[in-house]
Structure formats: structure tokens, C-alpha cells
Amino acid sequence: MNNYAQSLVERLESRTEPKSLFIQAVKEVFESLDPIISENPDIEAYSILERISEPERQVMFRVCWTDDNGKVQVNRGYRVGFSSVLGPYKGGLRFHPTVRLDVIKFLAFEQIFKNSLTGLSIGGGKGGSDFNPKGKSDGEIMRFCQAFMSELYHFLGENTDVPAGDIGVGSREIGYLFGQYKRLTKRFEQGVLTGKQVGLGGSLVRKEATGFGAVYFAQEMLKKKKDSLQDKVCVVSGSGNVALYCAKKLKDLGAKVVAMSDSSGSIHDPNGVDLDLVRSIKEVERGRIDSYTVRRHGSKFFPEKKVWQFKCDLAFPCATQNELNQEDLETLIENGCKGVVEGANMPTTPEAVHVLQEKDMLFAPGKAANAGGVAVSALEMQQNASLQSWSFREVDKRLQEIMASIHDDCVHFAEKYHRPNNYVFGANVAGFLRVADAVKAYGVI
Ligand code: NDP
Ligand code: 2IT
């Protein structure tokens with residue numbers, strides 16, 4: 001890594017917890033920037049890296065709510081506004097017991113470059129809580145969302161900060177959050193949250209966008225190699241929003257998804273996973289994935305096992321960070337896997353990414369491949385601002401164009417700097433340059 005970037009990483013490390021996910025994300029971006037820093041002395045002179053790696057603001061707050069037994073519960077809420085040089089802070093909210101400031105900082109940092117890659121006017125932010133939605137009643141979810149928004153609303157606005165969903169937050173939670181925002185502000189400010197229910201200001205295709213987008217990105221990569229998704233055997237980790245619609249689009253394009261998972265284990269279905277059944281278990285019943293095998297002959301459940309153990313051509317990590325490590329990758333490679341496409345944020349460990357690059361395998365980094373979700377969020381903001389609602393076909397077409405354009409930008413910068421096929425490099429450089437230009441253009445603020 002360039003000396004200037006390295007000294008900054010050391011300074012950040014001295015102020016951060018060990019094994020920080022935020023530092024992992026910073027290193028991954030900075031490592032790509034060597035040639036850019038060398039040819040642009042202004043980056044160091046204007047302290048661009050320092051300004052990009054220090055969040056503009058971080059909010060932490062207490063969230064008190066009452067559970068169904070009348071007991072008062074206390075959680076912690078977060079919102080990190082990392083960069084607003086390209087637009088209002090934009091990024092999801094995560095409700096999961098593992099959430100802490102470091103998790104939100106890493107996600108918000110990734111979001112800056114992802115959002116830049118979309119070419120749309122959105123800055124980078126992220127938020128969430130250590131609240132665990134699992135097993136909670138609908139009333140408990142509503143009361144938690146209302147309590148969370150009662151603190152967060154001070155910091156939001158359609159031109160300031162626009163949250164959406166992430167792990168544990170879907171259109172139900174966004175509905176409760178919007179209702180409370182409206183109640184507190186007395187304003188029907190539709191564009192203040194995205195991922196709303198369709199019919200209530202939500203965009204068609206937002207629900208499907210991240211998963212569909214990841215598959216459109218994979219399709220572009222394969223097309224460049226004169227290949228396609230037809231008959232490819234795929235494994236998809238997770239069974240939430242991103243995983244479900246990634247699997248659906250894979251199937252629509254002729255691939256076969258043979259395994260999916262949740263945090264309790266994996267299911268393997270050699271005949272191809274029945275996606276309507278998974279959707280009904282996870283989206284409607286909010287149940288556990290093992291119940292799939294009871295209803296589907298020939299499938300098997302593997303408690304606590306990951307999907308990387310199964311033979312496949314392509315792997316789609318769509319659950320959470322660092323879920324695919326070097327050992328997992330070696331198993332995938334032994335079984336003939338040719339590539340990894342990240343639907344989740346930073347799901348592949350740095351060691352596994354290194355192996356993928358050494359072996360020149362197909363590798364689509366999350367900040368490029370999963371940008372479809374936030375891109376359609378920005379399209380939702382555009383529709384809300386202009387009081388329009390576009391058809392499924394129209395939004396899907398725009399999503400495909402955005403994913404193809406992100407793909408081409410990655411390829412352009414990878415080739416320009418003699419790193420063909422290196423989508424990590426291409427995505428980091430393309431995302432960074434647009435942000436760096438804006439930081440410089442706006443002066444020292
Ligand atoms: P969901 O909450 O809908 O689904 C998450 C899935 O991942 C569930 O199957 C869950 O299993 C599993 N999972 C979550 N945490 C863990 C964990 N610590 N260990 C094992 N499994 C886990 O979330 P999304 O589908 O929205 O998000 C998935 C990933 O995609 C995240 O990395 C998110 O940041 C990223 N992403 C999401 C976008 C969006 O628009 N929603 C956009 C871009 C990226 P279980 O049900 O058992 O908890
Ligand atoms: O990680 C992500 O890009 C998201 N969770 C979606 C963010 C958004 O604002 O739609």
C-alpha cells in the first residue's frame with residue numbers, strides 16, 4: 001500500500017477496536033488506490049483520504065420500548081452519516097443483535113463508493129440497532145420502530161439523510177418508521193425513507209432490486225467471457241431479501257439454484273430449490289429454513305453448515321459479512337466453482353479474495369454487484385419528488401442499464417491501469433474518483 005495511505009490506516013487502527021470491520025473495508029479500498037495516489041499529488045496535498053475516512057457525523061442513542069409482557073427493553077440505535085459530497089446520506093438500517101458502531105461504520109464507508117458507482121446523487125450513510133427482531137410480535141416490532149424513529153427523526157430529511165432497509169428491516173419496518181416520522185414532523189415527506197410498500201410511495205422493483213442487480217452484474221461479467229448463466233449450478237447463502245430475489249433471477253435466466261441457507265444451517269435440493277416455498281417460509285411465515293425439507297421430497301437440511309460445501313459453478317454470498325472464508329473458498333474450488341458474486345456487503349474475507357485474484361477467478365465485489373438496491377432506492381426518491389410512479393418494466397430496465405454501466409466502469413478502470421478482470425480494483429477506483437473530485441471541488445468544509 002502507498003506510504004501515505006498506510007500511515008493513515010495505522011492512525012485509524014490506533015483509534016479502533018481490534019479486528020475492526022471498518023478497518024477491513026478501508027484497507028480494501030486504499031489498497032486499490034496506489035496508482036491513483038502516485039499520479040495525483042493533490043490527493044495527499046488536500047488530505048482527501050483523511051476526509052473520506054472520517055465520518056461527517058455519527059449519532060448514537062438509547063431506544064426504550066415495552067415488550068408484550070409489559071417489560072421495558074433498552075436497545076442502542078446508530079446512524080452514521082459518512083459522506084454527503086454526492087448527495088444526502090443514503091443507506092439502509094440494520095436490526096440485528098451483532099450491530100455495533102464498527103459494523104455501521106464499515107457499512108456506511110462501503111456505501112460511499114457503492115453509491116458513487118451508481119452515478120446518482122446519493123451520499124453514503126448507514127444505521128441500525130442491536131435490536132433482535134427474531135421471535136418478536138408485530139406489535140413489538142411496531143413499538144420498537146416508533147421508539148427508534150422518535151430519536152432518529154431529528155437527523156433525517158429528504159435532502160439530508162434517507163434511510164432504507166438492510167438485514168432485519170423490510171417494507172413492514174419502513175412503514176412503521178415512516179408512520180412515526182409523519183406523526184412527529186406533521187409532514188408527509190415521502191422521500192425521507194425508501195423501500196416503502198408499493199402503493200404507499202414505494203417503487204416497483206425495489207424489493208427485487210439488490211438480488212436482480214447482482215445477477216445482472218454476473219450476466220455482464222459472463223457475457224464478456226462469451227459465457228452465460230444458462231444451466232449454471234449456483235449456491236446462494238441466506239434466504240432473506242437479497243438471497244430470494246438473486247435466486248429468482250438466476251432461475252429466470254436459466255441457472256439452477258441447489259442450495260440456500262439461514263443462520264441455522266443450509267438446505268440442499270439437487271432438483272433446484274423451490275423458491276415459492278422458501279419465500280413463503282421466510283417472507284410470510286417468518287420461519288426457519290429447515291421446515292423446507294419437511295415439505296419438499298429429496299431435499300436435505302444441514303444444521304450449522306454453510307452452502308459452500310455443495311458442488312456448484314457459481315457462488316452468491318447474500319447473507320452477511322465475512323461469511324465466505326479461505327477454507328470455504330478452497331472447498332468451492334475443489335468442487336469446480338468458477339466464481340463468486342457478492343450480493344451481501346463484504347461477505348468474502350480478504351484472504352479468500354486474495355485467492356480468487358491469484359487464481360484469476362470471476363469475482364464481483366459487493367460494492368459494485370449489490371448496488372442495484374440503493375440505485376432503485378434513488379429511483380424511488382426521484383419518483384417521490386416528481387409525484388410519479390413508474391412501471392415494473394421501466395424500473396427494471398433502468399436497473400439493468402445501471403448495472404451494465406457499473407460493470408463497464410469497473411472494466412474501464414481495471415484495463416486502464418493494466419489489471420484486467422480485477423473488478424475489486426475497477427470498482428474501488430471508479431467509486432473513489434467521483435467522490436475525490438467532489439471533495440476537492442467543494443473546498444475545505
Ligand atoms: P435479510 O434480513 O432479509 O436476510 C438476511 C439473511 O442472512 C437471512 O437469511 C439471515 O438468516 C442471514 N443472516 C443474517 N445475519 C447472519 C449471520 N450473522 N450469520 C448467518 N446468517 C445470517 O437481509 P438482506 O437480504 O436485506 O441483506 C443481506 C445482505 O445483503 C447484507 O449483507 C446486507 O447488508 C446486504 N445488502 C442488502 C441490501 C438490501 O437492499 N436489502 C442492499 C445491498 C446489500 P436468519 O433469518 O436466520 O437471521
Ligand atoms: O447495503 C445497501 O446498499 C442497502 N442496504 C440498501 C440501501 C438503500 O438506501 O437502499
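Bear in mind the structure is a predicted one, so any value in this text is a computation, not a measurement. Whatever order the structure lists them in is the order used to number ligands and atoms, beginning at 1.
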Q: Lys282 near ligand 1, heavy-atom distance under 4.0 Å?
A: yes

Q: Please check if atom NZ in Lys182 has more than 12 non-hydrogen atoms from other residues, nucleotides or ligands closer than 6.0 Å.
A: no

Q: In terms of ring plane angle, is the pair Phe22 and Phe82 parallel, tilted or perpendicular, where the classes change at 30° and 60°?
A: tilted

Q: Could you list the atoms of ligand 2 found under 4.0 angstrom from a heavy atom of Ser377?
A: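 Selected atoms, number and element: 8 (C), 9 (O), 10 (O).
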
Q: Is any side-chain N of the basic residue among Glu323 and Lys306 closer than 4.0 Å to the acidic one's carboxylate O?
A: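 Between Lys306 and Glu323 there is no salt bridge, as every charged N stays at least 4.0 Å from the carboxylate O atoms.
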
Q: Using heavy-atom distances only, which candidate in Ser263, Gly165, Gly238 approaches atom 45 (P) of ligand 1 most closely?
A: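 Comparing heavy atoms across Ser263, Gly165, Gly238, the nearest one to atom 45 (P) of ligand 1 lies in Ser263.
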
Q: Please check: side-chain N/O of Asp269 versus main-chain N/O of Ser299, any donor-acceptor pairing under 3.5 Å?
A: no

Q: Should you measure from each heavy atom of Ser239, which atoms of ligand 1 turn up under 4.0 Å away?
A: 9 (O)

Q: Which of these passes ring-ring contact (aromatic ring centres under 6.0 Å, His included) with Phe95: Tyr176, Tyr78, Phe148?
A: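 Testing each of Tyr176, Tyr78, Phe148 against Phe95, the sole residue satisfying ring-ring contact (aromatic ring centres under 6.0 Å, His included) is Phe148.
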
Q: Measure from atom 5 (N) of ligand 2 to every heavy atom in Asp166, Val169, Val374 and give the option owning the shortest one.
A: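 The option holding the nearest heavy atom is Asp166.
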
Q: Which ligand 1 atoms, with their elements, are less than 4.0 angstrom from a heavy-atom of Cys318?
A: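 Here the atoms of ligand 1 in question are 28 (C), 29 (C).
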
Q: How about CZ on Arg57, more than 12 heavy atoms from neighbouring residues, nucleotides or ligands closer than 6.0 Å, or not?
A: yes

Q: Counting only heavy atoms from other residues, nucleotides and ligands, does the tally under 6.0 Å from CD of Glu327 exceed 12?
A: no

Q: For atom 2 (C) of ligand 2, what's the nearest protein heavy-atom neighbour? Residue, atom name and distance, please.
A: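 Looking at atom 2 (C) of ligand 2, the protein heavy atom closest to it is Lys114 NZ, 3.2 Å.
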
Q: Among protein heavy atoms, which sits nearest to atom 48 (O) of ligand 1, and what does the distance come to when rounded to 0.1 Å?
A: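 Its nearest protein heavy-atom neighbour is Lys134 NZ, 2.8 Å.
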
Q: Taking both backbone and side-chain atoms of Val162, is any N or O found less than 3.5 Å from an N or O belonging to ligand 2?
A: no

Q: Does ligand 2 have an atom that lies less than 4.0 angstrom from a heavy atom of Arg94?
A: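 In this structure, Arg94 fails to qualify as a contact of ligand 2 - no heavy atom is under 4.0 Å.
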
Q: Might you work through the side chain to side chain contact (heavy atoms under 4.5 Å, CB included) test for Glu285 and Ser280, ending with a clear yes or no?
A: CA-CA 6 Å; Glu285 298 164 28; Ser280 138; 3.4 Å; yes

Q: Which of the atoms of ligand 2 are close to Gly91, meaning less than 4.0 Å from one of its heavy atoms?
A: 7 (C), 9 (O)

Q: Give the minimum heavy-atom separation between Val192 and Gly157, together with the two atoms involved.
A: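 So the two residues come closest at CG2-N, 3.6 Å.
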
Q: I need the minimum non-hydrogen distance between Phe301 and Ser264, along with the two atoms involved.
A: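 That closest heavy-atom pairing would be CZ-O, 3.7 Å.
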
Q: How far does CD1 of Ile289 sit from OG of Ser261, to the nearest 0.5 angstrom?
A: 6.5 Å

Q: Between Arg51 and Glu56, does the side chain to side chain contact (heavy atoms under 4.5 Å, CB included) criterion hold? Intermediate values first, please.
A: CA-CA 9 Å; Arg51 291 154 78 191; Glu56 289 173 13; over 6 Å; no

Q: Return the residue, atom name and 0.1 Å-rounded distance of the protein heavy atom closest to atom 9 (O) of ligand 2.
A: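 Of every protein heavy atom, Lys90 NZ, 2.7 Å lies nearest to atom 9 (O) of ligand 2.
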
Q: Any atom of ligand 1 sitting under 4.0 Å from a heavy atom of Gly92?
A: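 Heavy atoms of Gly92 never come under 4.0 Å of ligand 1.
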
Q: If you count the non-hydrogen atoms of other residues, nucleotides and ligands that lie under 6.0 Å from NE2 in His154, is the total more than 12?
A: yes

Q: Considering Leu107, Asn345, Thr194 one by one, which has a heavy atom nearer to atom 44 (C) of ligand 1 than any of the others?
A: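 Checking each option, the heavy atom nearest atom 44 (C) of ligand 1 is found in Asn345.
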
Q: Does only the side chain of Pro347 get under 4.0 Å from ligand 1, or the backbone, or both, or neither? Count heavy atoms.
A: neither

Q: Provide, to 0.1 Å, the distance between atom 24 (P) of ligand 1 and the closest protein heavy atom, together with that atom's residue and name.
A: Val242 CG2, 3.8 Å

Q: Near Lys126, which atoms of ligand 2 are under 4.0 Å from a heavy atom of that residue?
A: 1 (O), 2 (C), 4 (C), 5 (N)

Q: Backbone or side chain, does any N or O of Asn370 fall under 3.5 Å from an N or O of ligand 2?
A: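 Looking only at distances, the answer is no, because the N/O contact criterion of under 3.5 Å is not met.
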
Q: What atoms of ligand 2 come closer than 4.0 angstrom to any heavy atom of Ala164?
A: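 Every atom of ligand 2 under 4.0 Å from some heavy atom of Ala164: 8 (C), 9 (O), 10 (O).
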
Q: Using a strict 4.0 Å cut-off to heavy atoms of Gly92, name the atoms of ligand 2 that fall inside it.
A: 7 (C)

Q: Would you confirm whether Asp328, through its side chain, and Trp308, through its main-chain N or O, come within 3.5 Å as a donor-acceptor pair?
A: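 No.
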
Q: Backbone, side chain, both or neither: what part of Asn345 comes under 4.0 angstrom of ligand 2, heavy atoms only?
A: side chain

Q: Considering the heavy atoms of Gly165, write down every atom of ligand 2 situated less than 4.0 Å from one of them.
A: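 Taking each heavy atom of Gly165 in turn, ligand 2 has 4 (C), 5 (N), 6 (C) under 4.0 Å.
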
Q: Quiz question: by atom type and distance under 3.5 Å, do the side chains of Tyr423 and His407 form a donor-acceptor pair?
A: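 Judged by distance alone, the side chains do pair up.
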
Q: Between Arg393 and Asp396, does the salt bridge (charged side-chain N to carboxylate O under 4.0 Å, His left out) criterion hold? Intermediate values first, please.
A: CA-CA 5 Å; Arg393 218 169 134 179; Asp396 193 35; over 6 Å; no

Q: At a 4.0 Å threshold, what atoms of ligand 1 neighbour a non-hydrogen atom of His96?
A: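 Near His96, the atoms of ligand 1 are 15 (N), 18 (N).
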
Q: Measuring from atom 27 (O) of ligand 1, which candidate in Ile289, Ile167, Thr210 has the nearest non-hydrogen atom?
A: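 Selected option, by shortest heavy-atom distance: Ile167.
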
Q: Which of the atoms of ligand 2 are close to Arg206, meaning less than 4.0 Å from one of its heavy atoms?
A: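 Reading through ligand 2 atom by atom, the close ones are 6 (C), 8 (C), 10 (O).
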
Q: Run the numbers for me: atoms of ligand 1, each under 4.0 Å from some heavy atom of Arg94, listed by number.
A: 31 (C), 32 (O), 33 (C), 34 (O)

Q: So, for Phe188 and Tyr181, is the gap between ring centers shorter than 6.0 Å?
A: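 No - the distance between ring centres of Phe188 and Tyr181 does not fall below the 6.0 Å cut-off.
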
Q: Are Ser263 and Arg288 close enough that a side-chain donor and a side-chain acceptor fall under 3.5 Å?
A: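 Looking only at side-chain atoms, Arg288 and Ser263 do form a donor-acceptor pair, the distance falling under 3.5 Å.
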
Q: So, regarding Thr194 and ligand 2 (criterion: nitrogen or oxygen to nitrogen or oxygen, under 3.5 Å), is there a contact or not?
A: no

Q: Which of these, Asp166, Thr320, Val236, Asn241, has its nearest heavy atom closest to atom 17 (C) of ligand 1?
A: Thr320

Q: Quick check on Thr98 - does any of its heavy atoms sit under 4.0 Å from an atom of ligand 1?
A: no

Q: What I want to find out is whether Lys223 reaches Glu220 closely enough, with some N-O distance under 4.0 Å, to be called a salt bridge.
A: yes

Q: Give a yes/no on ligand 1: does Arg206 have at least one heavy atom closer than 4.0 angstrom to it?
A: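 Yes, Arg206 has a heavy atom closer than 4.0 Å to ligand 1.
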
Q: Has Gln321 got any heavy atom lying under 4.0 angstrom from an atom of ligand 1?
A: no

Q: Please report which non-hydrogen protein atom sits nearest to atom 2 (O) of ligand 1, along with the residue it belongs to and the distance in Å to one decimal place.
A: Gly168 N, 2.9 Å

Q: For atom 28 (C) of ligand 1, tell me which residue out of Gly240, Ser377, Ala319 has the closest non-hydrogen atom.
A: Ala319

